[in-house]
Each structure stands twice: as structure tokens, then as C-alpha cells.
Amino acid sequence: PGMPGMPGMPGMPGMGGVQAPLDVDKDADLDAGGVDETGLEPKDIELVMSQASCSRAKAVQALKTNDGDIVNAIMELTM
């Protein structure tokens, strides 16, 4: 059983317990509890969300990082 020259191929015993890293959303906790959108226009947040395909929290964070600059916020999230 198994392939010649490839010991342990059935079941791959050398790979026990190895898992691919999970793509964890670092801002998931912000999405659940809401974020401080003070000083930002809701339409700007929604535009960044739609163009960058991101969560509201990430859009707000990018807008704040870029002083409300929509283009730079979108670029930060998509580059």
C-alpha cells in the first residue's frame, strides 16, 4: 500500500496537527460593537465600503487614518 518511494503517503503521518492559518478579521470585534464615526460622512463610509469591499469598521479606520480622504482610504484598503 502507498506509493513506492513515498513512505507514509496514506494518511500523511508527518502532517499531524498542521492546519492552514485562519483568515481572522482583526476588526471583527469593532464590527459587532460599532465604531466611532465622528467627523465622517455616512456616504463617504459607504462609498469606501463598496469600492474596497470591506467592513464598515475597516472603512472608518481607513478614513480616519487618511484624514477623511476617500481616495487614499480606498487605496490603503485595496493595495
Side-chain angles (χ1 to χ4, degrees):
M3 298 176 71
M6 300 200 66
M9 206 42 200
M12 310 254 313
M15 297 295 289
V18 175
Q19 293 181 339
L22 297 175
D23 184 21
V24 177
D25 186 358
K26 291 178 277 193
D27 298 320
D29 55 347
L30 295 175
D31 291 339
V35 290
D36 180 17
E37 300 175 4
T38 305
L40 301 174
E41 293 289 328
K43 63 180 174 60
D44 293 350
I45 298 168
E46 289 162 17
L47 179 61
V48 172
M49 287 172 62
S50 67
Q51 293 300 310
S53 300
C54 68
S55 68
R56 188 169 195 89
K58 285 186 178 182
V60 169
Q61 184 177 6
L63 281 164
K64 286 188 173 194
T65 300
N66 291 286
D67 297 320
D69 187 310
I70 297 168
V71 173
N72 284 331
I74 294 168
M75 287 177 58
E76 174 184 319
L77 292 165
T78 58
M79 301 304 258

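Only heavy atoms go into these numbers, but all of them, side chains included; no hydrogens, no water, no symmetry mates. Keep in mind that this is a model prediction, so the values were computed, not measured.
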(message) Is the shortest side-chain heavy-atom distance between Lys64 and Leu40 below 4.5 Å?
(response) yes
(request) Check Leu77, Asn72, Ile70 against Ile74 for a side-chain contact (heavy atoms from CB on, under 4.5 Å) and give me the one that passes. (result) Ile70
(message) As a quick check of understanding, evaluate side-chain contact (heavy atoms from CB on, under 4.5 Å) for Leu63 and Glu37, giving each step before the final call.
(response) CA-CA 9 Å; Leu63 281 164; Glu37 300 175 4; over 6 Å; no
Atom pairs and distances, donor-acceptor, side-chain atoms in residues 42-49, under 3.5 Å, two or more places apart:
none

(request) Rounded to the nearest 0.5 Å, what's the gap from OG on Ser53 to NZ on Lys58? Could you check? (result) 11.0 Å
